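The block underneath contains the structure these notes are about, expressed in structure tokens.
Protein chains get the first letters and strands the later ones, always in sequence-line order, with residue 1 at the start of each. When reading the values below, keep in mind they use all heavy atoms of this one structure, side chains included, and skip hydrogens, waters and symmetry mates. Source: prediction; values computed, not measured.
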Amino acid sequence: MASRPSYYLTTAITYPNAEPHIGHAYEYISADVMARFKRLDGFDVRFLTGTDEHGQKVQQTAEREGLTPYELATRNAQAIKRVDDEVLGISYDRFIRTTDQDHYEASQAIWHRMVDAGDIYLDKYAGWYSVRDERFFAEDETELRQDGQRYAAETQTPVTWTEEESYFFRLSSYQEKLLELYRTHPEFVAPATRFNEVIRFVEGGLEDLSISRTTFDWGVPVPKELTAGETDLNHVMYVWVDALTNYLTGAGFPHTDSEEFQRRWPADLHIIGKDISRFHCIFWPAFLMSAGLALPRRVMIHGFLHNAGEKMSKSVGNVVAPAAWTQTYGLDTVRFFLLREFPYGQDGSYTHDAVVGRKNSDLANNLGNLAQRSLSMIAKNCDGAIPEPAELLRSDVEIIEQADSLLALSREAYQSQQFHRALERTWYVLGEANAYFAEQAPWKLKKTDEARMRTVLYVTAEVLRRVALLIQAVMPTSATQLLDALGVEPDGDAGATNASNVGPRSFAAFRDKLVPGTPISKPQPIFPRHEEPQET
RNA sequence: GGGGGGUUAGCUCAGUUGGUUAGAGCAGAGGACUCAUAAUCCUUUGGUCGCGGGUUCAAGUCCCGCACCCCCUACCA
């Protein structure tokens, strides 16, 4: 167990102020696929997801609804967890809440470390504040109008000069260190276009960062022993200090000597959306450098999903709930579609026709039908058991070798989260397998050369087994059904836990072979075509 | 305003350091087969590579200009 390499990955934690939509599901699913793939590949995986519950908005919403902030956060966190559990089948190892007790300890501990490093100081945050927008604007983002009042150019709201006591983090002193990090670790952020934006931003100069608030109290308190003698005000941490630290909490911080922390930190992968790349690619490594902690190995920034090219928004009314999709198309289809259709890291535009196209063409026709036709022939013509192959011919060896190549190719693609590449190549091989099957025409061989027929059916089943192993991460339920249908010994859980590290359904068994004589049952279609609901 | 990216078949996109007749999938057309989920296989229609110049023996691929589209330009999560 301990000898297996660790793989620690995280999603962003969600701010629980709205129902999760398909864009959230995209992040959870892609991280889940990554986690399952690594577990199936023998890694000791830890997969963290959860909710970011502090901040002024939660506090205000709670007040409006007559709840305490914690009650509101709990209610909404449960709604998100329910989507993970009941709608999307997310195999997280811990659902972390930033209100968890150990997270308070972790947040205060990293703050302590940054103070010890001399990177935190008390000052005043001053700027043009818009009460209506609840945010500050820079001088050049405002305009003085005829009425003598200053307005925010972006939102047209009046602003007033406001000074507020705040602790600051010496971000400015990390500019060169960050650039050095980017230079020496080109794999630290992907995709490259996002990374370039980050680099250019840092090159443009960094100002110190305000990292505490005194105007509300729903947050992790800055330890009193650290503020004594400096201020009488109660400071809570700026939410991003608290939020980012969840990744450390999930690894056992602040117990840096613990076996858990030693094993899990640094994280191998943070999966995030493009809206929060700055926090993860600039602030986060700077905080960690200050705290004397190792940096995560990679930040992967996924794109946003658009509904038929339009941004999802409540006002337009085109927001898709994950459950609406899984009910319409099926969970495995949704998972497959999201990873196959869009290059990970780019924005994607979905339509009903696009989902149905993938479901019918890729799943039902190319994969489902190949399984159904080959397994049906085995059930009817081979005494209902995996047949014994005769000597393999060149064409047999070639298709087996193509299937074989998919493991290395998938590993490489997953290593850089190029999910679509792995799937694209897998379906190319399935196309080759369909051509092989048609060319060999086992239904004709049945009348002329039964031994050859058995060989063709065996080879086809063997290709299907390897494909099924690999796609467990993407479509755990369907792939499990396919492996069942192929008579592969039941084992593991399609990557849901480390129980999938070894055994006949792990990647360790990729080059094993189907055992002739293993009985199979009469096949049932695993990937049905899409049926439009009856119009009435 | 400044910086960056994009514009290739009906649709979604690949196109390496410039080099022979510009590719894939889906959709469309024709044929084959009948094991299979009206699935599969074979063949095939379809592109002035946004527009205009330029460099070069040779440009989708480099340079300049133009037109649209998108992203970034710090403290809302």
Along RNA chain B (nearest heavy atom to each residue), the more 5'-positioned of A:P442 and A:D208: A:P442
List for me each residue that meets salt bridge (charged side-chain N to carboxylate O under 4.0 Å, His left out) alongside A:E27, sequence neighbours excluded, and say none if there are none. none
List for me each residue that meets salt bridge (charged side-chain N to carboxylate O under 4.0 Å, His left out) alongside A:R194, sequence neighbours excluded, and say none if there are none. A:E197
Under 4.0 Å, heavy atoms only, any strand: does A:L206 hit a base, just the sugar-phosphate, or nothing? base
Tell me whether the rings of A:Y344 and A:Y26 are parallel (<30°), tilted (30 to 60°) or perpendicular (>60°). perpendicular
Please report, rounded to the nearest Å, how far the C1' atom of B:G3 is from the CD1 atom of A:I199. 14 Å
Could you list the protein-to-nucleotides 12-14 of chain B atom pairs, N/O on both sides, closer than 3.5 Å?
none

Which is true for A:G303 with a 4.0 Å heavy-atom rule: it touches a base, it touches only sugar-phosphate, or it touches nothing? nothing
Once you round it to whole Å, what is the distance between P of B:C76 and CZ of A:F279? 7 Å
In this structure, are over 12 heavy atoms from other groups packed under 6.0 Å from A:E398 atom CD? yes
Expressed as a whole number of angstroms, how long is the span from A:Q440:CD to B:C33:C1'? 15 Å
Taking atom P in both B:G15 and B:G5, what distance in whole Å separates the two? 16 Å
Can you check the distance between B:C26 and B:U43, where both ends of the measurement are the P atom (answer in whole Å)? 13 Å
Any salt bridge (charged side-chain N to carboxylate O under 4.0 Å, His left out) pairs touching residues 345-355 of chain A, not counting sequence neighbours? A:K274-A:D347
In whole Å, measure the gap between the P atoms of B:U55 and B:C13 for me. 35 Å
Can you list every stem that RNA chain B is part of, counting only runs of 3 or more consecutive Watson-Crick or G-U wobble pairs with both distances under 3.5 Å? B:1-7 with B:67-73, B:10-13 with B:23-26, B:28-32 with B:40-44, B:50-54 with B:62-66
For the P atoms, the ones on B:U16 and on B:G52, what distance do you get once it is rounded to whole angstrom? 23 Å
Once you round it to whole Å, what is the distance between P of B:C72 and CZ of A:F195? 18 Å
Under the salt bridge (charged side-chain N to carboxylate O under 4.0 Å, His left out) rule, what pairs show up with a residue in residues 361-384 of chain A, not counting sequence neighbours? A:R358-A:D362
B:G30 and B:G46, which share atom name P, separated by this distance in whole Å: 16 Å
Member of A:N246, A:I80, A:I96, A:T99 meeting the side chain to side chain contact (heavy atoms under 4.5 Å, CB included) criterion with A:T51: A:I80
Side chain to side chain contact (heavy atoms under 4.5 Å, CB included) partners of A:V319, counting only residues at least two apart: A:H21, A:M312
Which residues, if any, of residues 233-247 of chain A bring a heavy atom under 4.0 Å of RNA chain B? A:Y238, A:V239, A:W240
Distance between C1' atoms of B:C64 and B:A14 (Å, rounded): 28 Å
Shorter than 3.5 Å, N or O on both sides, protein versus nucleotides 36-46 of chain B: list them out with atom names.
{"from": "B:A36", "atom 1": "OP1", "to": "A:K380", "atom 2": "NZ", "distance (Å)": "2.7"}
{"from": "B:A36", "atom 1": "O2'", "to": "A:N369", "atom 2": "OD1", "distance (Å)": "2.5"}
{"from": "B:A36", "atom 1": "N1", "to": "A:R373", "atom 2": "NH2", "distance (Å)": "3.4"}
{"from": "B:A36", "atom 1": "N3", "to": "A:N369", "atom 2": "ND2", "distance (Å)": "3.2"}
{"from": "B:A36", "atom 1": "N3", "to": "A:R373", "atom 2": "NE", "distance (Å)": "3.1"}
{"from": "B:U37", "atom 1": "N3", "to": "A:F527", "atom 2": "O", "distance (Å)": "2.6"}
{"from": "B:U37", "atom 1": "O4", "to": "A:G368", "atom 2": "O", "distance (Å)": "3.2"}
{"from": "B:U37", "atom 1": "O4", "to": "A:F527", "atom 2": "N", "distance (Å)": "3.2"}
{"from": "B:U37", "atom 1": "O4", "to": "A:F527", "atom 2": "O", "distance (Å)": "3.3"}
{"from": "B:A39", "atom 1": "OP1", "to": "A:R529", "atom 2": "NH1", "distance (Å)": "3.4"}
{"from": "B:A39", "atom 1": "OP1", "to": "A:R529", "atom 2": "NH2", "distance (Å)": "3.2"}
{"from": "B:A39", "atom 1": "O5'", "to": "A:R529", "atom 2": "NH1", "distance (Å)": "3.4"}
{"from": "B:A39", "atom 1": "O2'", "to": "A:N369", "atom 2": "OD1", "distance (Å)": "3.4"}
{"from": "B:A39", "atom 1": "O2'", "to": "A:N369", "atom 2": "ND2", "distance (Å)": "2.6"}
{"from": "B:U40", "atom 1": "OP1", "to": "A:N366", "atom 2": "OD1", "distance (Å)": "3.4"}
{"from": "B:U40", "atom 1": "O2'", "to": "A:R373", "atom 2": "NH1", "distance (Å)": "3.2"}

Once you round to the nearest 0.5 Å, how far does OH of A:Y125 lie from CG of A:L209? 9.0 Å
Which pairs count as ring pair (Phe, Tyr, Trp, His ring centres under 6.0 Å) when at least one residue sits in residues 357-379 of chain A, sequence neighbours excluded? none
Starting from C1' on B:C26, measure out to CG on A:L423 and report it in whole angstrom. 17 Å
What distance, rounded to whole Å, do you find between the two C1' atoms, one in B:A74 and one in B:A27? 46 Å
Pairing residues for A:F188 by the ring-ring contact (aromatic ring centres under 6.0 Å, His included) criterion, not counting sequence neighbours: none
Report the C-alpha distance between A:H103 and A:H54 in whole Å, list the side-chain angles of each, state the deciding distance to 0.1 Å, and finish with yes or no for ring-ring contact (aromatic ring centres under 6.0 Å, His included). CA-CA 12 Å; A:H103 180 67; A:H54 293 126; 7.2 Å; no
Sticking with atom C1', work out how far B:A22 lies from B:A9, rounded to a whole angstrom. 10 Å
Determine the contact category for A:R358: base if any of its heavy atoms lies under 4.0 Å from a base atom, sugar-phosphate if only primed atoms, P, OP1 or OP2 are that close, otherwise nothing. nothing
How many Å lie between CD on A:E203 and C1' on B:U73, as a whole number? 14 Å
Separation of atom CD1 in A:I301 from atom C1' in B:C72, rounded to whole Å: 12 Å
Quick note, side chain to side chain donor-acceptor pair (under 3.5 Å) partners involving residues 418-432 of chain A, not counting sequence neighbours, are A:Q402-A:E432
Anything under 30° is parallel, anything over 60° is perpendicular, the rest tilted; go ahead and classify A:F169 against A:Y174. parallel
For A:S395 and A:E439, test the side chains for any donor-to-acceptor distance below 3.5 angstrom and give the result as yes or no. no
If I take atom CZ in residue A:R194 and atom P in nucleotide B:C70, what distance separates them, rounded to the nearest angstrom? 14 Å
